[in-house]
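Heavy atoms only: backbone and side chains are in, while hydrogens, waters and symmetry mates are out.
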Amino acid sequence: MDLTYTEEEQDFRAHLREWLAKTLPELPARPSPDDWPGRRAYDLGWQRRLYEAGYAGLHWPVDAGGRGATPTQHLIFLEETERAGAPYVGANFVGLLHAGPTIAAEGTAAQRARWLPPVLRGDEVWCQGFSEPDAGSDLASLRTRAVRDGDDYVITGSKIWTSHAEVADWCELLVRTDPAAPKHRGISWLAMPMDAPGVTVRPLRTLAGSTEFAQMFLDEVRVPVADRVGAENDGWRVTMVTLSFERGTAFVGEVVACRRTLGELARTAKANGRWDDPVLRRRLGRLYGEFGALWRLTQWNVSEAERSAGGVPGIGGSVFKLAYSHARQELYDTAAEVLGAESLDLEEGWVLDRLSSLSYTIAAGTSQIQRNIVAERILGLPKGR
């Protein structure tokens, strides 16, 4: 196996570094965390720059508007943008990493032409309307109903933890279209415009003080049947495609960021004297090994996804999600040890990251669910009774 970079890949890295060095100083100041309209504009502006420079949609197939980059080029892009301190996807997270890839894999030609170019150009933001207040981690028990009325669905219900709902143009929405069917078979995946009459958004403030989540209420909202992705009542299968992207490739940039944070932690520990603690040094060394292994798993998942039909990641995404969630939490618990009393200062970036890390064993499927998936679908163990 040849693990060296090709000349083409080396040229790709060099040109990307040159572009980042020229472009990043030109960016406006980042808006405050509470300024969501400002954050939307900032994130869309960065996406537009990527699009104009030919770096948008590297992980998307060409026939979906992507750039047709190799898996290695995609990973080089993640490495170099993180190394340079470039903005992350931000408010574009759902559109670029969840809804967009799902539509690319499952949508019709008309749906791909309508929704994908605006995501890549930085014109539209998507949010995720999956979780419900009474469903907990059992997503398939959702109760938001969609009743067929001619060429429309009439939707009533509520969603919670709706990512970026405050500033979104569209929502990837799961609804129950056949209440009489077994719970996994009566679900449909819809694209809902957020400005439709009957949509009410109430922001939820997190432990860290931000409001990137919201509760959403739907009161007889009309969505055209043409905006359903996949067949009616086949939404659970389409949802598994969405979750495969969310668990398998959506976090790859964060792994690079965590590896950088780990290096910063080691430097801080050396500067403040905590490096003298052998237990802490061993913990940092073990985390270094864990994130190195996660990066290798990331490379494998990205390569597998981009070789598969539709670019859909495989079951290895659940292995990654389970391991990454816990490694990230331990990383920021270790950061608290390194910072000492400063770990209570909310102005310190690592403190906010630590609060955020608490959600990772719940978001994108709980760790318990990931363990079930690994046990049943990879190891072939029987289902529990």
Side-chain angles (χ1 to χ4, degrees), residues 36-37 39-48 51 56-57 60 64-66 89-132 142 144 146 151-175 177 187-203 211-230 232 235 238-239 241-243 245-246 250 364:
W36 269 103
R39 290 177 66 176
R40 171 193 160 103
Y42 183 89
D43 294 338
L44 289 179
W46 172 243
Q47 181 62 27
R48 196 165 298 116
Y51 179 81
W60 285 20
V89 291
N92 295 312
F93 185 86
V94 175
L96 283 170
L97 305 180
H98 297 185
T102 301
I103 294 168
E106 297 289 335
T108 66
Q111 290 171 340
R112 288 151 68 108
R114 164 61 188 91
W115 288 313
L116 299 185
V119 171
L120 290 179
R121 288 195 305 261
D123 293 338
E124 293 180 345
V125 170
W126 284 66
C127 64
Q128 186 179 68
F130 281 16
S131 300
E132 295 192 1
L142 64 92
T144 294
D151 293 333
D152 291 339
Y153 290 111
V154 180
I155 304 167
T156 302
S158 66
K159 297 290 179 176
I160 201 166
W161 309 126
T162 308
S163 308
H164 305 314
E166 288 181 86
V167 293
D169 302 291
W170 291 88
C171 176
E172 53 173 4
L173 184 72
L174 293 188
V175 295
T177 41
I187 294 171
S188 296
W189 197 108
L190 305 180
M192 181 185 72
M194 290 297 288
D195 60 356
V199 177
T200 301
V201 174
R202 295 181 184 171
T211 56
E212 65 263 29
F213 299 115
Q215 187 162 8
M216 183 169 65
F217 299 90
L218 308 171
D219 183 13
E220 296 190 347
V221 179
R222 301 186 77 91
V223 172
V225 173
D227 290 352
R228 184 190 67 230
V229 175
E232 185 171 280
V238 179
T239 300
V241 173
T242 305
L243 295 179
F245 284 113
E246 185 174 19

Between [Y] and [X], is there a side-chain heavy-atom distance shorter than 4.5 Å?
X	Y	result
W161	Q128	no
C171	M216	yes
D219	T200	no
L190	I155	yes
F213	P203	no
L218	V199	yes

Could you check W189 against T102 for side-chain hydrogen bond (donor to acceptor under 3.5 Å, both in side chains), going step by step and ending with a plain yes or no?
CA-CA 10 Å; W189 197 108; T102 301; 5.1 Å; no

Heavy atoms only: give me the nearest [X]-[Y] pair and the separation to one decimal.
X	Y	result
A191	W126	CB-CH2, 3.7 Å
E132	T144	OE2-OG1, 2.7 Å
S158	F217	CB-CD2, 3.9 Å
L142	V175	CD1-C, 3.7 Å
L120	A56	O-CB, 3.8 Å

Tell me, which pairs form a salt bridge (charged side-chain N to carboxylate O under 4.0 Å, His left out) where one or both residues lie in residues 189-202, sequence neighbours left out?
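Every pair satisfying salt bridge (charged side-chain N to carboxylate O under 4.0 Å, His left out) with a residue in residues 189-202: there are none.
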
Could you tell me which residues satisfy side-chain hydrogen bond (donor to acceptor under 3.5 Å, both in side chains) with [X], sequence neighbours excluded, listed by chain and number?
X	value
W46	none
D123	R121
Q47	none
W115	none

Report the residues that fulfil side chain to side chain contact (heavy atoms under 4.5 Å, CB included) with [X], sequence neighbours left out, ordered by chain and then residue number.
X	answer
A113	none
A165	C127, T162, M194, V201, A214
R40	L44, V125, V167, D169
E232	R148, Y153, T177, S188, R228

Residues that E166 engages under salt bridge (Lys or Arg N to Asp or Glu O under 4.0 Å), provided they are two or more places apart
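Here no residue qualifies.
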
Can you tell me how far apart [atom1] ([X]) and [atom2] ([Y]) are? Round to the nearest 0.5 Å.
X	Y	atom1	atom2	result
T108	I103	OG1	CD1	9.5 Å
W170	R114	CH2	CZ	5.0 Å
E106	R112	CD	CZ	10.0 Å

Looking at [X] and [Y], would you say the former's side chain and the latter's main chain have a donor-acceptor pair under 3.5 Å?
X	Y	result
K159	L174	yes
D43	A91	yes
E172	T239	no

